[in-house]
Structures are given as structure tokens and as C-alpha cells.
Amino acid sequence: MFPQRQTARLLLLGPLLVLFAGAMGGCGGEPDGDADTPQVWRFAIEEAEGSVQHAYALKFKELIEERTSGDVKVIVYPYGTLGTSTQLTEQLRMGMLQFSMASPGSLGKFIPELQVFLLHFLLSNDEYVNKKLLRDAEVMSRFDQLYAPKGLKLLSIFSEGEMVWTVNKEIRSPDDFRGVKMRVMTTPLLLRAYGAYGASPTPMPYSEVYSGLQLNMIDGQVNPVFAIERQKFHEVTSWMIFPGHLTFITTCAANREFFDSLPSDRRKIVQDTIAEMDDYIFDLQLEYQQARLKVILESKKSRDGKLNICGSIDTLAMSFTPKERAALIDENPGLAVTPELTDAERDKFRDAAETVWSQFSKMGGEHGQEVLDLLIKKREEYASP
Ligand code: 6CS
């Protein structure tokens, strides 16, 4: 599906959602009809087919259906079929869905502490350190306590990769951001984060970003490489900038009443499956960034488009064959690679970002400072050998 068509599709779906809600009733998945009818668990994701979240949900479906010997059927709803991220959370709370992805960029409106994952330069640049931090039992349990009053059960927190700015000019300092209308997800902290750089942050649902860029309503957006490719943002921007400021974090959640009402053996199947998914998705998201950079370069080349990359793409290009590397990078006249930000340049962004950290005790809800301190402590623990 083309991204620009998603908004129209969401609008058309309003009446269907009402019918869907009526049919679903409670929170426990579709009730077991009889011994031969599998129970249906509905799992919505915030991304299109072919995305990291889609791969996660499909693997979850495969493992759950296998481990429940067909007694449970998992239906996966890609983005654009049920609504915006905020609507998905609402449907999860109401029990129309049993599982959903819920990213801090959206769920942070309702659980302000979760916005800690949106603070720039907080997590490590080492994805392996972040992986340990995000699955840490104390971190998981602290955030689950914050999910509980919202009727949600936190199942996992994981990274979907380094955030990359796609814009129409080079940005190497906060000054370059002046006047740049930067699309952000819809939580308030992101307005501060990009405001601190001097940009004009513009909240917008994911489905509207492509047309927003195409129609110059916004000048840039930020997402991991795989998402840029899936949503075709590279078609409507000419620069990809790897500032090394943030990794995209998401969470997988269940309706809490549904989860608590599961028989203990089935709950264990879910928990074991989710635990296994951590390694699966970690490796897969790295592969996706590499494979999708290749697709972006090929697509630009086939259209004679110009692409400027600011940053090192050596790690991402590791999966390229020598022939692909030559054609798409070393001998590609349409590609210009400028050096990554120097430490001094990055420090200017870091200084601006830290002014937002210092506001987090106010913006991050009652327990904001506590969760910020917890993540700083864990980052240090896991970074030390
Ligand atoms: O930018 C966004 O809105 C979205 N980005 C990703 C990578 N996943 C879901 C989210 O809604």
C-alpha cells in the first residue's frame, strides 16, 4: 500500500471499527465457541507489512499457534488497517485487541514516564548495551507498574534501530535546524526535543508523513532506515543524516485483564515466546537496516535521484557484495557521502538535548526523575566490562 493512501483508508475504516468493536465485546479474545474453534488473539502493529514490528508479530503468531497446537489463532493487523498508534492503544485498553505495539512516541501521552526513551543521547550508542538494559528485570517491572493502571501489561521493550533524519539540506548544528519543520510523533516531549535544537517540531501521525513531505507541509522527519524505506520517505527527501542521537524504542503490550485471565500454562507460553523474541528481533532489525539501505540506494539510482548521506554507512553496507558496493556506493554518481558529525558538532546537539533532560522531572510525570535515574544507572552498569 502506498503511504499517501493510508490516511484515506483510515478514514474509511471508521464504521468498520464500530462493527469490529461490537463483535469483539470483552477483553478475552474471541470466546472459545466449542472445542474445535480456536480462540482468536488480535495483535495490531504500528507499522506496515515488511517492517520490524510486522516480522515480530508474524514470528509471535507462528510460535504461539505452534505451541498451543492450533487452539489459538493470532490475527496480525498491520498499520493502516485499524487506526493510528493512539487508536490502537485505545482498542487495546478496551479489549478489542489482545496485543499491540505501543511506542513511547505515542503512548508517552498517556504514560509520561515512558517519554524517557525519547530523550536524545540518553541510551548508549552500543546496541548491545541497550539490549541488556531494555530487558533488565528491574526496568521491565518498573515500567510495567506504570502500564498497569492504564489496563495494559508490558511484555517487552526493544530497539528498532538508529534514528536517521531525512531532510532536504545538510544539518550539522542546531543552527541548521532553524526554520526546519520537523515531523515528530505525537508526545509532548518531542516538541521540546526538537524545539531545543531550534527546529519547528510538527506532530503528525505516521500515515500522513509521506504526503506532508511531498506537499512541503513539513521539511523533515526522523526514523530508522527500514522505516524510511517502507514508508518511502527517501522519495521525498534528499538527505539522510545519521546523527547518533537516539535509537527507536518500542514496546509490546497486552490487554492486562486478558493477560491476567489466561490459564497459567498459556500465560507461560506467551511469556516464554516473548522472551525468545528479544534475540530474534534484535538480529533481524540489524539485517533490515542493511537490506533496506540497499533498496533505498537502488531506488534512487533507478530514478536518477540524488541522495546525500551524512555519516558512515560502512557497517550498514557490510552485507553488500563487492559488486553492489561498487555500483551503489563507490561508483554511484548520484550518491554523495559527507563525514559523520564530529564529536564537537555532536556535543552541540548533546548540550541542547541535556536542557530537555533537566526538564524531565516535570515533563516525565510523577516518577519521571526516578525512571531517568534508573536508566542512567543501568546504562552505566551494562556499559562497564
Ligand atoms: O514515526 C512513527 O510514527 C513510527 N515509526 C516507527 C519506526 N514505528 C512506529 C511509529 O508509529
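Indexing begins at 1, ligand by ligand and atom by atom, following the structure's order. Numbering of residues begins at 1 and proceeds along the displayed sequence.
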Residue [X] vicinity, atoms of ligand 1 by number, heavy atom under 4.0 Å:
{"X": "S85", "answer": "11 (O)"}
{"X": "E47", "answer": "6 (C), 7 (C), 8 (N), 9 (C)"}
{"X": "F248", "answer": "5 (N), 6 (C), 7 (C), 8 (N), 9 (C), 10 (C)"}

Whether F99 and W41 hold their rings parallel, tilted or perpendicular, with breakpoints at 30° and 60° = tilted
In terms of the angle between their ring planes, are W165 and H245 parallel, tilted or perpendicular, with boundaries placed at 30° and 60°?
-> tilted
Centroid-to-centroid, Y56 to Y280, below 6.0 Å?
-> no
Are any of the side-chain heavy atoms of Q91 and R42 separated by less than 4.5 Å?
-> no
Does a side-chain N-to-carboxylate-O contact under 4.0 Å join [X] and [Y]?
{"X": "R350", "Y": "D347", "answer": "yes"}
{"X": "R379", "Y": "D136", "answer": "no"}
{"X": "E381", "Y": "K132", "answer": "no"}

Measuring from the heavy atoms of R183, does anything fall under 4.0 Å of ligand 1?
-> yes
For G105 and ligand 1, answer yes if some heavy atom of the residue is under 4.0 Å from a ligand atom, otherwise no.
-> no
Top protein contact for atom 7 (C) of ligand 1, by heavy-atom distance = N223 OD1, 3.1 Å
What is the closest protein heavy atom to atom 2 (C) of ligand 1, and at what distance does it sit?
-> Y206 CD1, 3.2 Å
Answer side chain, backbone, both or neither: which part of M185 comes under 4.0 Å from ligand 1, heavy atoms only.
-> side chain
Should the proximity of Y79 to ligand 1, defined as any heavy atom under 4.0 Å, be assigned to the side chain, the backbone, both, or neither?
-> neither
